[in-house]
Amino acid sequence: TPKRLNPLRLHTSLPTLSPTEQGKRIAAYAAVDANVSLDSRVIGIGSGSTVPYVIERIVQQGEANVQRVFIPTGFQSKQLIVQNDLVLGDVDQYPAIDVTLDGADEVDGNLNALKGGGACHLREKVLAEAANIFVIVADERKNSKLLGTTWTQGVPIEVAPFAYAKVLQNVQKLGAMRPTLRMGVRKAGPVVTDNANFVIDAPFSESYYRDPKELLMRIKMLTGVVEVGLFCGMAKAAYFGYSNGSVLIRS
Ligand code: 5RP
C-alpha cells in the first residue's frame with residue numbers, strides 16, 4: 001500500500017529549486033534516510049539527474065562513509081563518487097551489494113520500471129540484481145499506473161553494434177512501433193554506451209506493457225540484445241517526491 005511521508009523536516013533548509021528538482025531531492029533524501037544505515041557498507045549508485053541528491057544525502061552522513069565503498073553504474077556516477085571523496089569500488093570486487101539506489105524513467109503500480117533513458121541500464125540492472133535492497137528514487141512524473149504512459153520513447157534496448165539493424169527488424173516483428181536507433185545530440189552518430197554498445201528505443205502499445213515481464217523476456221531472447229531497460233520485480237521500494245513537499249513510497 002502506498003504510504004505518504006510529510007517531509008517538511010527534510011527540506012526546510014534547502015536552497016530554492018524548481019518543483020521537479022525539489023521532488024527529486026526529497027525523494028532521494030527520504031530513500032537514503034530509510035535504506036542507508038551504518039550497516040550499509042557496499043552501496044550501488046545509479047545514474048541520472050536524481051542520483052546526485054542521493055550522493056548529497058549520503059555525504060551528509062559524514063564519518064559513516066569512511067567504512068563504505070561505492071559502486072558506480074556508469075561514467076557519471078563514477079565521477080560523483082570520486083568528486084565527493086568517497087571510496088570507489090567495482091562490482092567484480094564487491095558482487096554482493098548492501099543497497100543500490102537509482103532513478104527510473106517510469107514506475108508502475110507493481111514496481112516494474114522502465115530505465116535506460118541515460119543508456120546505463122545494463123550496469124544499472126547488474127547492480128540492482130547484486131543488491132540486497134534495490135530502491136528507486138524519482139520525482140512525481142515517474143509515478144505511473146502502466147508503463148509506457150509517460151515514458152513514450154519506448155523500451156531502451158542495449159544492443160551489440162554489429163547486430164543493431166537485425167534487432168531493429170526483429171523487435172518490430174515482436175510488435176514495436178517504429179523502433180529507432182538512439183542518436184547522439186547532434187545526430188552525427190549513435191549513442192554509444194559505457195560498454196561500447198548501441199541503444200534502440202522500441203515503443204510498444206499499451207497491451208504489451210500489461211505484462212512487462214513477458215515483454216522483457218521476448219526482447220531479451222533476440223540475438224544481439226545485451227540488456228533491456230525493463231526492471232521487473234526488482235525494486236523493494238520506490239520513493240516519489242512531489243512538488244507539494246510530500247514523498248509517496250510504494251513498496
Ligand atoms: C539511466 C537511467 C536513469 O536512472 C533514468 O533515466 C532516470 O533519470 P533521472 O533521474 O534523470 O530522471 O535509467 O539509464
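Everything numeric here is computed off the predicted structure, so don't read it as measured data. Counting convention: from 1, in listed order, for ligands and their atoms alike.
In this structure, K142 forms no cation-pi arrangement with F240, as its terminal cationic atom is not both closer than 6.0 Å to the ring centre and no more than 45° off the ring axis.
Residue K142 holds the heavy atom nearest to atom 12 (O) of ligand 1 of all those in K24, R141, K142, K115. The residue among G48, G103, S47 with a heavy atom at the shortest distance from atom 3 (C) of ligand 1 is S47.
Contact atoms of ligand 1 toward G117: 6 (O), 13 (O), 14 (O) (distance under 4.0 Å to a heavy atom of the residue). Atoms of ligand 1 found under 4.0 Å from any heavy atom of C120 (numbered from 1 in listed order, with element): 14 (O). Proximity to D102 (heavy-atom distance under 4.0 Å) selects the following atoms of ligand 1: 4 (O).
Taking the side chain as every heavy atom from C-beta outward, N35 and K236 approach each other to under 4.5 Å. You'll find the side chain of V228 reaches within 4.5 Å of the side chain of V155, heavy atoms only. F231 places none of its side-chain heavy atoms less than 4.5 Å from the side chain of V107.
Closest to atom 13 (O) of ligand 1 among all protein heavy atoms lies G116 N, 2.8 Å. Among all non-hydrogen protein atoms, the one lying nearest atom 10 (O) of ligand 1 is T50 OG1, 2.6 Å. Atom 2 (C) of ligand 1 has E124 OE2, 3.3 Å as its closest protein atom, hydrogens excluded (heavy atom only). The protein heavy-atom contact nearest to atom 11 (O) of ligand 1 is S49 OG, 2.4 Å. In this structure, atom 5 (C) of ligand 1 lies nearest to the protein heavy atom D105 OD1, 3.2 Å.
Distances between N or O atoms of V51 and those of ligand 1 include no value under 3.5 Å.
A donor and an acceptor atom, one from each side chain of T193 and E158, are located under 3.5 Å apart. Between the side chains of S243 and Q22, no donor-acceptor pair is found at a separation under 3.5 Å. Between the side chains of N143 and R250, at least one donor N or O lies within less than 3.5 Å of an accepting N or O. Using modelled atom types and a 3.5 Å distance limit, the side chains of R178 and Q172 yield no donor-acceptor pair. Side chains of Y208 and E214: a donor-acceptor N/O pair is absent below 3.5 angstrom, by distance only.
Only the backbone of A119 comes within 4.0 Å of ligand 1, judged by heavy-atom distances. With a 4.0 Å cut-off on non-hydrogen atoms, A104 touches ligand 1 through its backbone and not its side chain. No part of D139 comes within 4.0 Å of ligand 1, judged by heavy-atom distances.
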